[in-house]
Asker: 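Got a structure here, written out as structure tokens. Questions coming.
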Amino acid sequence: MSNYLEQLNPSQRLAVEHFTGPLLVVAGAGSGKTRALTYRIAHLLRQHKVDPENILAVTFTNKAAREMKERVENIFALEIAQTKYGQPLSLLSESDQRQIHARVYKTITKNLWIGTFHSLFSRILRQDINKYQDEEGRTWTRNFSIFDDSDSVALIKNIVTKQFNLDEKKFEHRSIRYQISNAKNLGLAPQDYFRKDPNYKSRTISEVYEEYQRQLAANNALDFDDLLLVPVRLFGQNESILGYWHRQFTHILVDEYQDTNQIQYELIRLLTTNGATVKKDWNWQNRSVFVVGDADQSIYSFRMADFKILLNFQEDFGDNLSDEQTETMIKLEENYRSQEIILRAANQLIENNTQRIEKVLKATRGIGEKIALYQASNELEEAKFVINQLVGLKEDNPVLTWSSFAILYRINAQSRSFEEVLLRSNIPYIVVGGFKFYDRQEIKDAIAYLKVIANPSDTVSLLRIINTPRRGIGDTTIDNLMSAAKELAIPLWEIIKDQTSVNSVAGRSAKAIQQFVQVIEYFQEQVNQLSAAEILNQVMERSGYLDDLRSKKTDEAEGRIENIMELFGAVNQFQEETDETSLEAYLGNTSLASDLDNLGREQKRVSLMTLHSAKGLEFPTVFLVGMEQGLLPYNRSLNDPIALEEERRLCYVGVTRAQELLYLTYAKERNVWGYREAKNPSQFLTEMPKELFKGNLNRRNISTNKSRPTNTNAENWSVGDRLLHAVFGEGEVNRVLGSGQKITLAVKFTGLGLKIINPQMATIERLK
């Protein structure tokens, strides 16, 4: 292990060899921050003989924690193999390898405190929560339960509807859960929440919050936010407990420091300083706080993350000197992920932000290909272009698999057009961090309405929507109705559409059921007069579904509304492409959505995800789509300089996911809220150097050269000629229309039928 530090670059080595005191490591994208963290832990253990129990390393995911432990364990296992057996670990027998890893685990990694904030501090609470009481004198025991989000929402719902009898539209339970969570992340008790913004609604929410806390205590339970808030309050109440944990954790490491919130920061501050607030009183002997992060990759403000915590590290803990003079900050700028052209674009883009620590990503790999920039006429052409490109790249590069490609977008609703083209092309894919478009709750709800209108005997769909949105139809009533239907051996619809039957079985819920039936019957009568798109639009309004979402006023609800509007766009698109407007025809088409459901999990798949979900990942080829003003950057940020900077960071994260090839695409128009809307290219495109781009090229030229193909003279085309179109792929000229320079071509494309194209305008090339 004597030469293990030789694997580090100079900046990484400086960070790893730092022993005591505060240190901020500004780690650019792809700069090897995980290596710096794991080697630092190993160096503390080996070089400075720090006891494993004295090291606290905080990550933001369980996966990252597992990876860190495995890397530390491997460093020591490699050394033991070399010193004990005189050969590399990989050459030893499986039995010897297992024995070595077991030894390292028992003596080192088992005793390291490596994990997420929630997992680490729940361990502390298991030991000391019996010494804590809240502002009302309530106490917990060590065998406390942890309520997950669904438990918390259910509890709040019960308080809102059954105890306080509040209007669910004004006091939506998920929205209140979100407000309470935010309050806890800011360290606010129920009374503090009301004092912060005194009005009727905040007073009511604070009362729900108070009752929620009372019931948590009655159940000897904590929610996820309490796992961090309670330790802060416990440390504030009991100096001896804080002192104990301060003495135990002499070396504290925090990954992704830009993503910490105020409560998480306070936990680190208390453990590091033992609660002392004056810098000169802090004792750094045999003690360190080592934080790693990058303000340029801070994209989670909606989760209460505050990147200013990282920006303020030098003032809070460090020497507060300039970047050139400081001894408490190191920058990792060497990038091991991306080609130089991609990094040059990323560097120039992020320089437009003002709230950051200056750094420049430096390439350690080749120059790479220029960034492909493509303007599509609409979102469907954008999707076809992207899928055509990745198919071509895979054909040209046998080493690539489908998992070599990622399609990144700003909002979940954008996945729909790409999913549809992937399905038609029989290409396996996975929606990372979310549901497939047609598997999302709101989409399944909307489709269920359409199915019941078309086929009221579809009891599965009927059960899904009879009380969605909530109409006061309880589970017991539904069970009674189902029992009657089963007894009579008829569909549930036959029971609920009969007023006498409903009055007899449903009791107080009868009126709500009859109103629901009236909505469905209205559209059943109109099914031959209205198009599928018109039915979808109207049923979402008349059923109260959209009003229910609007009343929630949360980001989640807004995203669900956007997805329904995207579905409306999909129905319109289906009608335009097929000239079929009937509800029956559209519902028959939606079966495509499940064609790949039975693919094996082991199969390599194209990754689709939002930019927020892409953080920490990397791919050989990245398609960053929807690069339009109002989408990226998002509409709500355009008049807010702080929000606009976060959108720029989001774009920066997307660009720096690419290893080899980067494609940026945007559309001239896009279906927005059911209407075609002209779009302008994103301002972020103008903030990257023009010379790094190659524009609107077809697939072959993107993958093999950097010059735009010239179209063959219009007069030279004949029936039977083969061509390659940038979006539609290979086709054959079926007919030449017009004459001279004004000809157009009727081209038959495989799987797409005939399309009329202008050879002077289209990006095509002749195939021999």
Side-chain angles (χ1 to χ4, degrees), residues 1-9 12-13 15-17 19 30-116 119-120 123 251 253 255 290 292 332 334 336-337 364-365 397-404 428 430 599-605 607 616-620 659:
M1 194 167 172
S2 57
N3 64 345
Y4 74 113
L5 294 182
E6 293 177 4
Q7 301 179 51
L8 306 173
N9 66 40
Q12 290 173 332
R13 186 158 183 164
V16 167
E17 292 184 320
F19 181 37
S31 63
K33 69 179 180 67
T34 305
R35 168 169 287 204
L37 282 160
T38 52
Y39 274 74
R40 173 172 174 76
I41 292 171
H43 196 64
L44 288 172
L45 294 167
R46 185 180 186 277
Q47 184 68 27
H48 300 289
K49 310 303 179 186
V50 175
D51 191 302
E53 290 188 347
N54 295 142
I55 295 175
L56 178 76
V58 186
T59 66
F60 269 79
T61 66
N62 291 317
K63 179 183 176 183
R66 286 193 300 271
E67 181 182 359
M68 196 176 294
K69 287 178 182 177
E70 288 168 1
R71 289 197 185 190
V72 171
E73 187 172 297
N74 202 47
I75 290 172
F76 284 94
L78 289 170
E79 180 189 30
I80 292 172
Q82 202 65 52
T83 56
K84 183 176 180 180
Y85 296 95
Q87 55 184 314
L89 180 69
S90 59
L91 297 181
L92 300 180
S93 68
E94 289 187 9
S95 175
D96 287 340
Q97 289 186 42
R98 283 196 300 271
Q99 286 182 4
I100 290 173
H101 276 286
R103 174 181 164 188
V104 176
Y105 172 76
K106 184 177 180 180
T107 58
I108 297 175
T109 50
K110 178 183 178 182
N111 300 312
L112 289 168
W113 284 64
I114 300 179
T116 65
S119 65
L120 293 171
R123 283 180 65 185
H251 294 278
L253 302 89
D255 192 12
F290 180 96
V292 181
L332 304 184
E334 291 185 63
Y336 298 94
R337 174 187 298 155
T364 60
R365 305 180 62 199
N397 300 275
V399 297
L400 296 179
T401 65
W402 292 124
S403 60
S404 302
I430 181 173
L599 281 174
R601 290 183 178 272
E602 72 283 353
Q603 186 166 352
K604 301 292 186 180
R605 294 175 283 181
S607 294
L617 302 177
E618 58 185 35
F619 301 90
Q659 296 171 300

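FYI, side chains are in, hydrogens and waters are out, and symmetry mates aren't considered; it's all heavy atoms of this structure.
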Asker: Count the heavy atoms of every other residue, nucleotide or ligand shown that sit under 6.0 Å from CD of Gln87, and state whether that count exceeds 12.
Answerer: yes

Asker: Ignoring hydrogens and geometry, is there a side-chain-to-backbone donor-acceptor pair from Lys110 to Thr107 under 3.5 Å?
Answerer: no

Asker: Are Arg40 and Glu17 within salt-bridge range, i.e. N to O under 4.0 Å?
Answerer: no

Asker: Quick one: do Thr59 and Met68 satisfy side-chain contact (heavy atoms from CB on, under 4.5 Å)? Show the steps, please.
Answerer: CA-CA 9 Å; Thr59 66; Met68 196 176 294; 3.6 Å; yes

Asker: Taking side chain as C-beta onward, heavy atoms only, is Leu78 less than 4.5 Å from Pro88?
Answerer: no

Asker: Under 4.0 Å between a side-chain nitrogen and a carboxylate oxygen: does that hold for Glu67 and Arg71?
Answerer: yes

Asker: Nearest 0.5 angstrom please: Arg46 CZ to Leu5 CG, how far?
Answerer: 8.5 Å

Asker: How close do Ile114 and Ala65 get, heavy atom to heavy atom, and via which atoms?
Answerer: CG2-O, 3.9 Å

Asker: Can you say whether the rings of His48 and Phe19 are parallel (under 30°), tilted (30 to 60°) or perpendicular (over 60°)?
Answerer: parallel

Asker: Shortest non-hydrogen contact from Pro428 to Lys604?
Answerer: CG-O, 3.3 Å

Asker: For the OG1 atom of Thr38 and the NZ atom of Lys33, what is their distance to the nearest 0.5 Å?
Answerer: 10.5 Å

Asker: Drop me the distance from Asp51's CG to Leu44's CG, to the nearest 0.5 angstrom.
Answerer: 12.0 Å

Asker: If you apply the rule side-chain contact (heavy atoms from CB on, under 4.5 Å), what do you find for Phe290 with Leu37, and how did you get there?
Answerer: CA-CA 9 Å; Phe290 180 96; Leu37 282 160; 3.8 Å; yes

Asker: Hydrogens and angles aside, do Glu73 and Thr109 bring a side-chain donor and acceptor to less than 3.5 Å of each other?
Answerer: yes

Asker: Drop me the distance from Asp96's CG to His101's NE2, to the nearest 0.5 angstrom.
Answerer: 11.5 Å

Asker: How far apart are the C-alpha atoms of Ile41 and Leu112, what are their side-chain angles, what is the distance that settles it, and do they pass the side-chain contact (heavy atoms from CB on, under 4.5 Å) test?
Answerer: CA-CA 9 Å; Ile41 292 171; Leu112 289 168; 4.1 Å; yes

Asker: Is the shortest heavy-atom distance from the side chain of Gln659 to the side chain of Pro620 under 4.5 Å?
Answerer: yes

Asker: Using a 4.5 Å cut-off on heavy atoms from C-beta on, say whether the side chain of Val58 contacts that of Asp255.
Answerer: no

Asker: For the side chain of Asn397 and the backbone of Val399, is there at least one donor-acceptor N/O pair under 3.5 Å apart?
Answerer: no

Asker: Taking all atoms of both residues into account, what is the closest heavy-atom pair of Ala81 and Leu92, and its distance?
Answerer: CB-CD1, 3.7 Å

Asker: Kindly give the heavy-atom pair with the smallest separation between Phe619 and Ser404, and that separation in Å.
Answerer: CB-O, 4.0 Å

Asker: Counting N and O atoms only, with roles assigned by atom type, does the side chain of Asn9 sit under 3.5 Å from a partner on the main chain of Gln12, one being a donor and the other an acceptor?
Answerer: yes

Asker: Quick check: does any side chain N or O of Thr83 sit under 3.5 Å from a backbone N or O of Glu79, one acting as donor and the other as acceptor?
Answerer: yes

Asker: Heavy atoms, side chains only, cut-off 4.5 Å: are Thr116 and Leu120 in contact?
Answerer: no

Asker: Quick one: closest heavy-atom pair of Ala36 and Val16, and the distance?
Answerer: O-CG2, 3.5 Å

Asker: Do side-chain atoms of Arg103 reach the backbone of Ile80 as a donor and acceptor pair under 3.5 angstrom?
Answerer: no

Asker: Can you find a pair of side-chain heavy atoms, one from Tyr336 and one from Arg365, that are under 4.5 Å apart?
Answerer: no

Asker: Are Leu89 and Asn74 packed together at the side-chain level, in the sense that at least one heavy-atom pair is separated by less than 4.5 angstrom?
Answerer: yes

Asker: Please evaluate residues Ser95 and Ser93 with respect to the criterion side chain to side chain donor-acceptor pair (under 3.5 Å), reporting the C-alpha separation (whole Å), side-chain torsions for both, the decisive distance (0.1 Å), and the verdict.
Answerer: CA-CA 5 Å; Ser95 175; Ser93 68; 4.9 Å; no

Asker: Which heavy-atom pair separates Asn111 from Lys106 by the least distance, and what is that distance?
Answerer: ND2-O, 3.6 Å

Asker: Going from OG on Ser403 to CD1 on Ile430, what distance comes out if it is rounded to the nearest 0.5 angstrom?
Answerer: 11.0 Å

Asker: So do Tyr85 and Leu91 actually touch side chain to side chain, heavy atoms under 4.5 Å?
Answerer: no

Asker: Would you say the side chain of Tyr39 lies within less than 4.5 Å of the side chain of Arg13, judging by non-hydrogen atoms?
Answerer: no

